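Okay, structure first, notes after.
Everything numeric here is computed off the predicted structure, so don't read it as measured data. Atoms within each ligand, like the ligands themselves, are counted from 1 in listed order.
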Amino acid sequence: MAILKILNYPDPRLYTVAKPIAAVDSKIHRLIDNMAETMYAAPGVGLAATQVDVHQQLILIDISEDKRNLQVLINPKIITSSGKQDYEEGCLSVPGIYEQVTRAEKITVSALNHDGKPFEFEAEGLLAVCIQHEIDHLLGKVFVEYLSSLKQARIKNKMKKRLRI
Ligand code: GNR
Ligand code: NI
C-alpha cells in the first residue's frame with residue numbers, strides 16, 4: 001500500500017467533477033487500499049478520490065471509534081434527504097480550519113460496494129454529514145464554499161501564507 005498526496009485548498013484540481021466508475025476492477029481495489037491507508041494515516045473520517053487527484057466517483061468513510069469499519073461507496077447518490085443539522089466540519093484538504101455548515105439531517109444513499117454490488121442505506125447525524133461532505137468533493141465542491149465570501153477569502157489567504165513557511 002501507499003500513502004497518497006492530498007490536494008490542498010484552493011488547488012484548482014479540487015474543483016474537478018468526478019466521473020462514474022464503469023468497472024470495479026483490480027485497479028479500483030488498489031486505489032481503495034491506498035486511499036484507506038491515506039485516510040487512516042491522516043487521520044480522517046472520510047476521503048474522496050478527488051482529494052488524491054483521482055477524478056472518479058469513489059469515497060471512503062470510517063466514523064467508528066476503533067477504525068475497523070471502513071465503508072466504501074462507489075458512484076454514490078443521495079436519493080432522498082430531509083431535515084437540517086449544523087455541524088462543525090473540517091477537511092483534510094483545508095487543514096486547521098473548522099467551521100459550522102448546515103446540511104440535511106437524514107439521507108438515503110445508493111451506491112456500489114467494494115464488490116461492485118448495488119446497495120441502498122439510510123444515514124443520519126455525523127455519518128450523513130460525512131457522506132454529504134464527500135459527495136460534494138466528487139462534485140468539485142469544498143465545504144468552505146458554504147461560508148461567506150469574506151471567510152473564504154480569509155481561508156484562502158491563510159492557506160497561501162502557509163505554503164511560504
Ligand atoms: O476527517 C474529516 N472530518 C470531518 C469532520 C466533520 C465533517 C466532515 C469531515 S470529513 C474530514 C475528512 C475529509 O476531508 N474528507 O473529505
Ligand atoms: Ni474533505
Yes or no on side chain to side chain contact (heavy atoms under 4.5 Å, CB included) for Lys84 and Glu105, after CA distance, side-chain angles and deciding distance? CA-CA 5 Å; Lys84 273 186 182 188; Glu105 159 61 20; 5.8 Å; no
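Listed by atom number, the atoms of ligand 1 under 4.0 Å from Glu89 heavy atoms are 6 (C), 7 (C). Shown in contact with Cys91 at under 4.0 Å from a heavy atom are these atoms of ligand 1, numbered in order with element: 14 (O). Close approach of ligand 1 to His137 (heavy-atom distance below 4.0 Å) involves ligand atoms 16 (O). For ligand 1, the atoms sitting less than 4.0 Å from at least one non-hydrogen atom of Glu134 are 10 (S), 13 (C), 15 (N), 16 (O), numbered in the order shown with element in parentheses. Close approach of ligand 1 to Gly44 (heavy-atom distance below 4.0 Å) involves ligand atoms 1 (O).
Residues Gln51 and Asp53 are not in side-chain contact: their nearest non-hydrogen atoms beyond the backbone lie 4.5 Å or more apart.
Judged purely by atom type and a 3.5 angstrom limit, Thr108 has no side-chain atom pairing as donor or acceptor with the backbone of Ile79. Although no hydrogens or angles enter the test, the distance criterion places a donor-acceptor pair under 3.5 Å between the side chain of Thr38 and the main chain of Leu4. Distance alone, capped at 3.5 Å, is enough to place a donor-acceptor pair between the Gln57 side chain and the Ala18 backbone. Within the 3.5 Å criterion, the main-chain N or O of Val142 finds no donor-acceptor partner in the side chain of Asp136.
Within the set Ile6, Val142, Ile59, Val45, the minimum heavy-atom distance to atom 2 (C) of ligand 1 is found for Val45. The residue from Gly46, Ser93, Gly90, Ala42 that puts a heavy atom closest to atom 4 (C) of ligand 1 is Gly90.
The N/O atoms of Leu92, backbone and side chain alike, include one that comes under 3.5 Å of an N/O atom in ligand 1. Inclusion of His133 in the set of residues having an N or O under 3.5 Å from an N or O of ligand 1 is warranted.
Rounding to the nearest 10°, we obtain 100° for the angle at the Ni ion (ligand 2) between Cys91 SG and His137 NE2.
In this structure, Lys141 places its NZ atom where more than 12 heavy-atom neighbours from other residues, nucleotides or ligands lie under 6.0 Å away.
Taking the Ni ion (ligand 2) as reference, His133 places its N/O/S atom NE2 nearest.
If you take CZ on Arg30 and CG on Asp25, they are separated by 9.0 Å, rounding to the nearest 0.5 Å.
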